[in-house]
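So the structure is just underneath, and the comments pick up after that.
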Protein chains: 2
Amino acid sequence: MKDLPPKEPAAPEGRRTTIVTLSRQIGVAPSTISRALKGDTRISAETRARIARLAQEWGYTPHASARTLSSGRSGLIGVVLGPPTNPFYTGLLHEAVRQAAARGMRLLVIHAGAGAIEDMTADALLQYQVDGCLITSVELPSHVGAVCAANGVPVVMVNRVARLNSSAVTCDNRFGSRQLAELLLGQGRRRFALVRTSTSSSTGQERDQGFCDALADMGVERPLRLDGRSSHQGGFAAGQQIAALPVGERPDAVFAVSDVMAMGVIDALRMAGLSAPRDMAVVGFDGLPEAAWPHYDLTTVEQPLPAMIGRALDLLQARMADRSLPDETVSLRGRLVVRGSSG
Amino acid sequence: MKDLPPKEPAAPEGRRTTIVTLSRQIGVAPSTISRALKGDTRISAETRARIARLAQEWGYTPHASARTLSSGRSGLIGVVLGPPTNPFYTGLLHEAVRQAAARGMRLLVIHAGAGAIEDMTADALLQYQVDGCLITSVELPSHVGAVCAANGVPVVMVNRVARLNSSAVTCDNRFGSRQLAELLLGQGRRRFALVRTSTSSSTGQERDQGFCDALADMGVERPLRLDGRSSHQGGFAAGQQIAALPVGERPDAVFAVSDVMAMGVIDALRMAGLSAPRDMAVVGFDGLPEAAWPHYDLTTVEQPLPAMIGRALDLLQARMADRSLPDETVSLRGRLVVRGSSG
DNA sequence: ATCGGATGCGCAAACGTTAGCGCATAGGCT
DNA sequence: AGCCTATGCGCTAACGTTTGCGCATCCGAT
């Protein structure tokens with residue numbers, strides 16, 4: 001009944017159990033151990049089984065650095081994360097951690113937040129030999145892009161349009177915002193306001209265009225445009241402006257290009273004594289968990305985050321295996337989630 | 001005017017510039033390069049300067065894996081991150097990334113979220129030879145603890161009490177919630193509700209106790225206790241219960257042990273037609289940026305996050321340098337931030 | 001009996017850095 | 001002039017894995 005986990009069962013000198021420890025135990029070459037452990041069929045099935053058992057018994061753990069040094073592959077994905085003011089990035093990180101782990105990869109956080117990325121920081125990509133890079137920041141930091149390109153490190157942007165030397169996976173922003181527009185138009189709304197981000201991200205622009213195109217198709221006049229930071233505060237400020245409009249000029253529907261901003265709008269309206277579905281419809285985009293809070297009850301388009309991360313990792317892994325693959329952009333359709341805020 | 005950044009200036013064969021590339025260029029031993037680059041004073045100042053210049057010229061980037069393999073130090077900090085439902089962890093991550101980078105270290109995200117951590121995942125700690133571990137999860141995942149302890153990897157818990165084989169840095173929860181209690185008592189509030197987390201984290205318990213002790217000191221009866229998940233939803237549910245109380249039994253102040261929960265409480269009250277400072281005071285704990293939103297305007301105790309992360313990294317680095325250092329717990333005082341929600 | 005090809009594994013050279021010794025050279029001291 | 005201590009580097013052996021070859025052995029086919 002030796003049920004103990006393989007806790008240094010026979011590594012007496014406190015030295016790590018390595019591939020040669022095993023090789024000496026069992027009387028085969030280290031290379032055989034290495035191959036057996038990764039399932040190389042050139043090694044007979046029974047030898048592989050014996051080796052697997054031995055490794056288990058001795059609590060063998062591969063040494064990632066040694067593998068990296070020898071093979072050039074680190075199993076690490078460099079991540080540049082967007083600002084904390086948008087919970088979307090938080091969800092994205094969590095999903096990425098989970099899925100990467102399932103594929104045997106880990107996330108190395110290179111940079112997080114809004115600030116510019118320093119060159120020194122970007123060098124970590126090289127130092128740690130990341131196999132690929134996941135970027136969700138507003139813009140592909142130039143130095144990171146250069147470093148990756150110069151070293152053949154594949155880059156995938158998530159929720160951003162592709163730049164030079166990068167693939168990308170996004171939500172179908174145009175289609176999504178068109179759906180929102182059509183929903184509102186179908187309700188008879190005709191006076192629109194559009195709350196956008198001042199830093200014109202590709203995502204924001206696409207949502208803007210998709211929405212406005214749908215309005216144009218119906219011959220509805222262009223919406224009132226308000227710009228602000230992509231955060232609750234940005235939306236809040238826009239909401240205050242909207243609330244301050246003379247009653248006659250008030251829109252009957254407002255589309256904020258991100259859920260956080262929409263939440264800000266709602267809060268601002270409320271503080272001005274206006275209410276989300278009653279005085280005007282408010283819709284957002286992203287599908288944050290927060291948008292479902294009863295207090296917001298926000299109609300939005302939910303980005304298919306798990307699928308997006310999955311595709312992003314697919315793209316990355318494909319390009320790790322074959323560096324010559326051309327850049328690719330995939331866009332996935334989101335799901336319109338109709339809640340109370342749209343009336 | 002050769003202003004180009006050191007972009008493979010002379011690495012013709014696409015081979016990485018290594019320490020021996022440099023050593024051959026300049027005619028010294030590789031070991032000398034290594035020592036010079038890390039400022040070893042045994043190398044003359046002028047040689048060091050020459051080498052530094054050469055390295056710059058050739059765009060030399062150290063190979064982290066090689067260093068790790070040889071020296072045993074990876075420059076990596078393993079991170080276990082709490083659930084995405086509490087923005088506190090997001091802020092913590094951002095701060096940690098920034099400060100770690102400033103100290104030349106990177107964050108390897110081992111696990112994120114509420115789910116249990118798998119053994120395989122924990123093994124990444126060993127594989128990548130992390131120098132230390134930062135844990136903010138609710139409880140120290142047992143396997144992670146075991147792995148770290150067995151391999152002498154220092155562990156620091158943040159916002160959690162220390163477990164066996166770990167140091168910790170927390171906010172002074174008792175003092176903070178006492179301050180909140182005294183603030184409310186000073187206003188004449190006497191009927192209290194306490195919204196707690198059902199999973200009894202050390203943090204939650206301490207805040208509970210600090211608050212109740214202060215009440216007891218004033219001879220005020222024990223508060224009504226409501227338990228829920230540590231999220232907006234948990235707080236929301238508690239808020240609904242409070243709102244549903246007969247008017248005579250309603251508290252005149254509620255303390256939610258975290259800001260997210262307090263936000264949930266406020267939203268629930270509001271949906272029931274009650275309002276935060278008017279019908280009862282609501283206070284939280286953490287000092288989230290979200291708490292400052294005009295819509296919440298939440299009185300809270302702000303955890304000194306930058307200082308906490310700083311101390312956590314201090315503890316970690318000290319224990320990397322000297323593994324024999326005893327575990328240490330430091331608690332830092334937060335700052336009472338009085339806003340509108342407390343009336 | 002001989003040959004040809006699988007099948008199964010071993011050899012040894014990388015990968016880039018670090019660190020324990022050890023060996024010169026130079027200068028100051030007696 | 002000889003000895004001693006710095007000062008400044010070089011040698012070399014790790015660190016643990018991977019991988020391109022290459023070499024046996026064994027099987028069946030000729």
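A note on names: the letters A, B, ... follow the listed sequences, proteins ahead of strands, and every chain is numbered from 1.
- Rounded to whole Å, atom P of dG16(C) lies 12 Å from atom CG of Leu22(B).
- Between the CZ atom of Arg15(B) and the C1' atom of dC15(C) there is a distance of 9 Å, rounded to whole Å.
- Listed by chain and residue number, Arg103(A), Met105(A), Met320(A) satisfy the side-chain contact (heavy atoms from CB on, under 4.5 Å) test with Gln317(A) (two or more places apart in sequence, or in another chain).
- At the heavy-atom level, Thr68(A) lies nowhere under 4.0 Å from the strands shown.
- Every side-chain hydrogen bond (donor to acceptor under 3.5 Å, both in side chains) that Glu328(B) has, sequence neighbours left out, goes to Arg319(B).
- On the nucleic acid side, DNA chain D contacts chain A at distances under 4.0 Å to non-hydrogen atoms, with the end points of that region at dC15(D) to dC21(D).
- For the atom pair CZ (Arg48(B)) and CD1 (Ile33(B)), the distance works out to 13.5 Å, reported to the nearest 0.5 Å.
- A donor-acceptor pair under 3.5 Å is formed between the side chain of Asp327(B) and the backbone N or O of Ser166(B).
- Ser70(A) places no side-chain N or O within 3.5 Å of a backbone atom of Ala66(A) that could act as its donor or acceptor partner.
- At the heavy-atom level, Ser65(B) lies nowhere under 4.0 Å from the strands shown.
- Taking for each of Leu69(B) and Ile33(B) the nucleotide of DNA chain D with the nearest heavy atom, the 5'-most of the two is the partner of Ile33(B).
- Recorded end-axis angle for the helix from dA1(C)-dT30(D) to dT30(C)-dA1(D) stands at 50°, based on five pairs per end and rounded to 10 degrees.
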Check nucleotides 17-23 of chain C for protein N or O atoms closer than 3.5 Å to its own N or O atoms and list the pairs.
unit_1  : atom_1 : unit_2   : atom_2 : d
dT17(C) : OP1    : Tyr60(B) : OH     : 2.4
dT17(C) : OP1    : His63(B) : N      : 3.2
dT17(C) : OP2    : Thr18(B) : OG1    : 2.9
dT17(C) : OP2    : Ile19(B) : N      : 2.6
dT17(C) : O2     : Ser70(B) : OG     : 2.8
dT18(C) : OP1    : Lys38(B) : NZ     : 2.9
dT18(C) : OP2    : Ser34(B) : OG     : 2.5
dT18(C) : O4'    : Ser70(B) : OG     : 2.6
dA19(C) : OP1    : Arg73(B) : NH2    : 2.9
dG20(C) : O6     : Arg35(B) : NH2    : 3.0

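- With sequence neighbours excluded, the residues satisfying side-chain hydrogen bond (donor to acceptor under 3.5 Å, both in side chains) with Gln129(A) are Arg16(B).
- The closest donor-acceptor contact from the side chain of Thr68(B) to the backbone of Ala64(B) lies under 3.5 Å.
- In this structure, the side chain of Asp322(A) engages the main chain of Ser324(A) through a donor-acceptor pair within 3.5 Å.
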Exercise for review: Let me see the working for Lys38(A) and Asp40(A) under salt bridge (Lys or Arg N to Asp or Glu O under 4.0 Å), right down to the final yes or no.
Suggested key: CA-CA 6 Å; Lys38(A) 48 170 58 74; Asp40(A) 192 320; over 6 Å; no
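- Side-chain atoms of Thr47(A) do not come within 3.5 Å of backbone N or O of Ile43(A) as any donor-acceptor pair.
- Residues Leu93(B) and Leu93(A) have side chains in contact (heavy-atom distance under 4.5 Å, counting atoms from C-beta outward).
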